[in-house]
Amino acid sequence: MSIYNVDDFLSDINNSIEKYFSGYRFEILLNTPRSFKANIHIGEKLFIAVRYNARNERMDFALIENGQRIFGYDNLKEWHYHPVEYPEGHIPCDKPSIEEVISKIKEVSEQPE
């Protein structure tokens, strides 16, 4: 089994962000050969928290508004998402592609409050 490396993860993130967002700003918090953490600012009080650990292939994507998660995907134990209607919930799902995650985050970020 090949491990998804940090460079490939970051490349997929960059490609998807460029496809779905303009005017974003990357804030890289950690970038090592085995770990990556960044906040991708997409609005004044809105960012995507992205985390990846190559050792265990753990991925986290959270849409954060005013300091609170309002939507997300991660694979802690198993793949699931946190629906916008109830961000504390865990809805099991198949493993999404990074593009699918970013596309859904774009959709959620454009919903009226």
Side-chain angles (χ1 to χ4, degrees):
M1 179 176 110
S2 66
I3 299 294
Y4 196 50
N5 71 47
V6 168
D7 289 338
D8 290 342
F9 178 80
L10 183 53
S11 177
D12 285 352
I13 290 289
N14 276 321
N15 290 338
S16 294
I17 290 293
E18 285 186 12
K19 181 175 180 178
Y20 292 100
F21 292 95
S22 61
Y24 61 87
R25 179 177 58 87
F26 260 90
E27 175 188 7
I28 296 176
L29 307 171
L30 177 68
N31 188 0
T32 72
R34 295 189 178 192
S35 297
F36 180 79
K37 294 181 181 182
N39 293 335
I40 305 166
H41 298 269
I42 58 174
E44 188 176 321
K45 296 182 180 182
L46 195 63
F47 68 89
I48 306 165
V50 177
R51 311 292 187 255
Y52 178 61
N53 182 328
R55 287 181 289 280
N56 57 12
E57 295 190 305
R58 171 78 193 275
M59 294 184 199
D60 291 278
F61 304 89
L63 181 60
I64 308 292
E65 184 174 45
N66 295 320
Q68 298 290 319
R69 178 180 61 202
I70 62 168
F71 178 77
Y73 278 91
D74 69 74
N75 64 343
L76 178 60
K77 299 181 183 168
E78 64 182 3
W79 274 103
H80 61 274
Y81 68 96
H82 302 273
V84 70
E85 303 83 10
Y86 181 61
E88 297 80 21
H90 294 80
I91 309 295
C93 65
D94 292 332
K95 178 182 179 179
S97 69
I98 288 175
E99 183 172 342
E100 288 171 321
V101 170
I102 300 302
S103 171
K104 185 65 178 174
I105 287 172
K106 173 69 171 178
E107 184 182 308
V108 170
S109 73
E110 292 179 334
Q111 290 180 358
E113 295 184 32

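We count residues from 1, following the sequence as given.
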Report task. Check Phe21, Phe61, Phe47, Tyr24 against Ile40 for a side chain to side chain contact (heavy atoms under 4.5 Å, CB included) and give me the one that passes. Result -> Tyr24
Query raised in the report: Does His82 reach the main-chain N or O of Pro87 with its side chain, forming a donor-acceptor pair under 3.5 Å?
Result: yes
Report task. If the plane angle is over 60° it's perpendicular, under 30° parallel, otherwise tilted; pick one for Phe9 and Tyr52. Result -> parallel
Report task. Give the C-alpha distance, both sets of side-chain angles, the deciding distance and a yes or no for side chain to side chain contact (heavy atoms under 4.5 Å, CB included) between Ile48 and Ile17. Result -> CA-CA 10 Å; Ile48 306 165; Ile17 290 293; 3.9 Å; yes
Requested in this report: First locate atom OH of Tyr81, then atom CG of Asp94, and finally report the distance between them rounded to the nearest 0.5 Å.
Outcome: 11.5 Å
Query - Check: Asp12 and Glu99 side chains under 4.5 Å, non-hydrogen atoms - result: no
Query - Side chain Asn75, main chain Glu57, donor-acceptor under 3.5 Å - result: yes
**Report entry** Basic-acidic side-chain contact under 4.0 Å: Lys106, Glu110
**Finding:** yes
Query raised in the report: Can you check side chain to side chain contact (heavy atoms under 4.5 Å, CB included) on Ser109 and Glu65, steps first, answer last?
Result: CA-CA 9 Å; Ser109 73; Glu65 184 174 45; over 6 Å; no
**Report entry** Flag, side chain of Arg51 to backbone of Ala38, donor-acceptor distance under 3.5 Å
**Finding:** yes
Query raised in the report: Do Leu63 and Ile42 have side chains that get closer than 4.5 Å, going by heavy atoms?
Result: yes
Report task. Would you please test Leu46 and Ile70 for side chain to side chain contact (heavy atoms under 4.5 Å, CB included) and show each step? Result -> CA-CA 10 Å; Leu46 195 63; Ile70 62 168; 4.3 Å; yes
